[in-house]
Amino acid sequence: MIKLQPVRGTQDLIGVEALRHRRVIDTARRIAALYGATEWITPMFEATAVFSRTLGDTSDVVTKEMYSFEDRGGESITLRPEGTAGVCRALVTNGLTQSLPQKVFYAGAMFRFERPQKGRYRQFHQIGLEILGADSAVADAEAIACGEQVLHALGIDRGVELNINTLGDPESRDAYRTALINFFSAYVDRLSADSKLRLQKNPLRILDSKDEGDLALVARAPTIHDYLTTQARDFYATLKARLVDLGVEFVENPRIVRGLDYYNHSAFEFVTTMLGAQGTILAGGRYDVLVELMGGPKVPGIGWAAGIERLSMLIDEPVRPRSPVAVIPMQDTLESLACSVLRDLRAVNIPAEMAYRGNAKRRLERANKSEATFAILIGADEASRGAVALKNLADGTQREVQIADLPDVLQ
RNA sequence: GCGGACGUAGCUCAGCUGGUAGAGCGCCAGGUUGUGGUCCUGGAUGUCGUGGGUUCGAGCCCCAUCGUUCGCCCCA
């Protein structure tokens with residue numbers, strides 16, 4: 001006997017869980033359309049290079065956390081760990097760099113080989129928005145406004161805060177990086193073990209350490225704002241002004257950073273306190289050199305992504321669609337008539353179903369459990385008059401209705 | 001990759017200091033012929049996550065393993 005178990009970090013979405021999932025996607029797609037975005041559906045796997053080129057060698061993300069394998073043709077394939085790279089690849093391979101800007105919405109499964117945690121799975125799902133080919137800060141503001149509106153439409157407002165920051169342009173970033181290294185190097189002995197490593201590999205990451213000792217130092221560390229070039233400063237100022245114009249409330253948080261070098265200028269995160277350590281529910285930033293890194297032309301981009309599993313945990317229970325009318329033949333010989341009734345109802349968009357097993361009592365029990373509001377009892381007596389018994393399952397009343405009148409009565 | 005907690009019927013859980021398993025809900029069948037939700041009666045549930053070990057004997061102790069969960073790391 002094979003042990004039937006879902007693969008670690010995967011889950012089945014059944015019933016109300018599937019409804020929640022669906023609602024997040026449908027809502028996000030609808031809101032994204034308000035901003036002019038259209039949906040792209042790109043493959044769930046890509047040539048490994050699509051992801052690895054942009055990630056560089058510094059992070060062990062590539063080697064340890066991607067689902068990469070050789071396919072039967074010997075090509076290195078990777079299950080997409082995020083959505084942006086695939087969208088950028090699609091932009092290039094479809095020649096859409098000739099018709100910029102492009103505003104893209106996507107939703108789908110992503111795969112990362114990580115230790116599962118609350119709201120964190122190995123196959124997880126994201127919604128995302130990308131605006132490609134726009135180098136104006138207005139695009140950043142619009143992307144953020146869109147994210148905010150999605151959260152709002154989902155009813156996730158309470159306890160959610162938008163944090164924004166700028167990473168500057170590459171020049172600003174390099175200067176700041178050097179300044180940080182200088183600052184923290186003077187206090188190496190007071191840094192946590194993790195942050196000592198970060199100081200070597202990725203000094204910016206010290207800024208969002210959770211260690212208390214680190215936090216005390218970080219509070220006194222220089223912020224990027226002292227190292228911004230004029231252009232970077234202007235860009236950030238414009239972003240904030242446009243956010244105000246769009247009615248988006250935000251908090252400036254100089255500790256927001258990104259792990260990878262292709263990010264520049266705007267970085268933002270919507271954070272909640274209601275999900276423990278996994279508090280970031282929607283995050284994004286500007287990536288002006290990503291497409292180029294992948295081997296494409298220079299196309300600036302700004303976008304965000306959000307984990308559907310986390311959003312699902314925060315939304316109210318979706319309203320269930322109305323349960324189908326239960327059609328119940330009282331004897332096997334009336335099954336034929338029942339089928340024609342089912343057909344008539346469905347033809348006018350009235351959900352209707354017939355239980356396949358059991359006697360009338362059993363079928364009525366099932367109808368009740370399915371939360372159907374009506375049952376159509378098909379009996380020989382009524383059938384001889386071209387009618388059926390229509391039972392209201394909520395109050396128990398029952399009356400005879402002509403079969404031809406059913407669609408109108410149930411509409 | 002690191003640390004803590006947990007894993008008993010479909011679900012939520014109980015099981016005293018080791019003596020071969022229980023409750024509630026759900027499920028199934030009845031309470032007479034074509035009628036649910038309430039009520040009554042009866043019934044089935046399980047190699048106690050899995051594999052080893054200790055013991056006369058383990059759900060309970062030990063080890064391993066798989067999984068869940070909460071953190072750390074990472075976070076594209």
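Numbers restart at 1 for each chain; the letters A, B, ... are given by sequence-line order, proteins then strands.
Closest-nucleotide positions on RNA chain B for A:Val7 and A:Ser209 were compared, and the one nearer the 5' end corresponds to A:Val7. Across the interface with RNA chain B, nearest-nucleotide mapping of A:Thr10 and A:Val257 shows A:Thr10 to be the residue nearer the 5′ end.
Rounded to the nearest Å, the gap between the C1' atom of B:G19 and that of B:G57 is 6 Å. Comparing the P positions of B:G10 and B:U45 gives an interatomic distance of 12 Å, to the nearest angstrom. B:C27 and B:G1: their P atoms are spaced 43 Å apart (whole Å). Rounded to the nearest Å, the gap between the P atom of B:A23 and that of B:G42 is 13 Å. Rounded to whole Å, the separation between the P atoms of B:G18 and B:U12 comes to 28 Å. Atom name C1', nucleotides B:U47 and B:G52: the rounded distance is 16 Å, in whole Å. For the P atom pair drawn from B:A76 and B:A5, the interatomic distance equals 31 Å after rounding to whole Å. Taking atom P on both nucleotides, B:A29 is separated from B:U38 by 16 Å, rounded to a whole Å.
Among the heavy atoms of the strands, none lies under 4.0 Å from A:Met110. Across all strands shown, A:Glu114 has heavy atoms under 4.0 Å from base atoms, whether or not it also approaches the sugar-phosphate. Counting any heavy atom pair closer than 4.0 Å across all strands shown, A:Arg80 reaches no nucleic acid atom. Residue-level contact check: A:Gly83 touches neither bases nor backbone, having no heavy atom under 4.0 Å from any strand. Looking at heavy-atom distances under 4.0 Å, A:Gly284 makes no contact with the nucleic acid at all. Within 4.0 Å of A:Ala305, counting heavy atoms only, lies no atom of the nucleic acid at all.
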Please list, pair by pair, any protein nitrogen or oxygen found under 3.5 Å from a nitrogen or oxygen in nucleotides 1-8 of chain B.
{"from": "B:C2", "atom 1": "N4", "to": "A:Arg115", "atom 2": "NH1", "distance (Å)": "2.5"}

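If you check B:G67 for Watson-Crick or wobble pairing at under 3.5 angstrom, you find it paired to B:C6. B:G26 is unpaired under the criterion used here, namely a Watson-Crick or G-U wobble arrangement in which both key atom distances are under 3.5 Å. The partner of B:U33 cannot be assigned: no Watson-Crick or G-U wobble pair with both contacts below 3.5 Å exists in any strand. Taking a pair to require two hydrogen-bonding distances under 3.5 Å in either a Watson-Crick or a G-U wobble arrangement, B:C74 remains unpaired. Searching all strands for a Watson-Crick or G-U wobble partner of B:A21 with both distances below 3.5 Å returns nothing.
The pair A:Glu114-A:Arg122 fails the salt-bridge criterion, with no side-chain N (NZ, NE, NH1 or NH2) lying under 4.0 Å from an Asp/Glu carboxylate O. Using a cutoff of 4.0 Å between basic side-chain nitrogens and carboxylate oxygens, A:Arg22 and A:Glu17 are not scored as salt-bridged. Electrostatic pairing of A:Glu400 and A:Arg385 counts as a salt bridge here, judged by a charged N lying under 4.0 Å from a carboxylate O. Looking at A:Asp261 and A:Arg173, a side-chain N of the basic residue comes within less than 4.0 Å of a carboxylate O on the acidic one, giving a salt bridge. One finds no salt bridge joining A:Asp174 and A:Arg177 here, because no Lys/Arg side-chain nitrogen approaches an Asp/Glu carboxylate oxygen to under 4.0 Å.
For A:Lys361, no side-chain nitrogen or oxygen approaches OP1 or OP2 of B:G34 to under 4.0 Å. A close approach under 4.0 Å does not occur between any side-chain nitrogen or oxygen of A:Lys118 and OP1 or OP2 of B:U69.
Here the P atom of nucleotide B:C72 and the CZ atom of A:Arg205 are 13 Å apart, to the nearest Å. Rounded to whole Å, the distance from CG on A:Leu191 to P on B:C72 is 18 Å. Straight-line distance from the CZ atom of A:Phe111 to the P atom of B:C74: 25 Å, rounded to whole Å. Atoms CG (A:Leu204) and P (B:C74) sit 13 Å apart, rounded to a whole Å. In this structure, CG of A:Asn359 is placed 10 Å from P of B:G36, rounded to the nearest angstrom. Distance, A:Gln11 CD to B:U68 P: 10 Å, rounded to whole Å. Atom P of nucleotide B:A76 and atom CD of A:Glu82 are separated by 9 Å, given to the nearest angstrom. The interatomic distance linking A:Ile328 (CD1) with B:G34 (C1') rounds to 11 Å, in whole Å.
A donor N or O paired with an acceptor N or O is found under 3.5 Å between the base of B:U35 and the side-chain atoms of A:Lys391.
Contacts between residues 363-387 of chain A and RNA chain B, defined by a heavy-atom separation under 4.0 Å, are made by A:Leu364, A:Glu365, A:Asn368, A:Lys369, A:Leu377, A:Gly379, A:Ala380, A:Asp381, A:Glu382.
In the model, A:Ser340 has no side-chain atom that pairs as donor or acceptor with a side-chain atom of A:Arg343 under 3.5 Å. Side-chain contact check for A:Tyr236 and A:Glu252: at least one donor-acceptor pair (N or O, by modelled atom type) lies under 3.5 Å.
In the set B:C28, B:A76, B:C75, B:C28 carries the atom at the smallest distance from any side-chain atom of A:Arg362.
A donor-acceptor pair under 3.5 Å is formed between the side chain of A:Arg310 and the backbone N or O of A:Thr280. Remark: the backbone N or O of A:Phe51 is paired with a side-chain donor or acceptor of A:Thr54 at under 3.5 angstrom. Although no hydrogens or angles enter the test, the distance criterion places no donor-acceptor pair under 3.5 Å between the side chain of A:Ser209 and the main chain of A:Arg205.
A:Phe113 and A:Tyr67 have perpendicular rings, their planes meeting at more than 60° on a 0 to 90° scale where under 30° would count as parallel.
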Can I get a per-line list of side-chain donor-acceptor pairs under 3.5 Å for residues 76-88 of chain A, giving both atom names and the distance, sequence neighbours left out?
{"from": "A:Ser76", "atom 1": "OG", "to": "A:Thr48", "atom 2": "OG1", "distance (Å)": "2.6"}
{"from": "A:Thr78", "atom 1": "OG1", "to": "A:Thr48", "atom 2": "OG1", "distance (Å)": "2.8"}
{"from": "A:Thr78", "atom 1": "OG1", "to": "A:Ser68", "atom 2": "OG", "distance (Å)": "2.7"}
{"from": "A:Arg80", "atom 1": "NE", "to": "A:Ala109", "atom 2": "O", "distance (Å)": "2.7"}
{"from": "A:Arg80", "atom 1": "NH1", "to": "A:Thr42", "atom 2": "O", "distance (Å)": "3.2"}
{"from": "A:Arg80", "atom 1": "NH1", "to": "A:Pro43", "atom 2": "O", "distance (Å)": "3.4"}
{"from": "A:Arg80", "atom 1": "NH2", "to": "A:Ala109", "atom 2": "O", "distance (Å)": "3.2"}
{"from": "A:Glu82", "atom 1": "OE1", "to": "A:Thr84", "atom 2": "N", "distance (Å)": "2.9"}
{"from": "A:Glu82", "atom 1": "OE1", "to": "A:Thr84", "atom 2": "OG1", "distance (Å)": "3.4"}
{"from": "A:Glu82", "atom 1": "OE2", "to": "A:Ala85", "atom 2": "N", "distance (Å)": "3.2"}
{"from": "A:Thr84", "atom 1": "OG1", "to": "A:Glu130", "atom 2": "OE2", "distance (Å)": "2.8"}

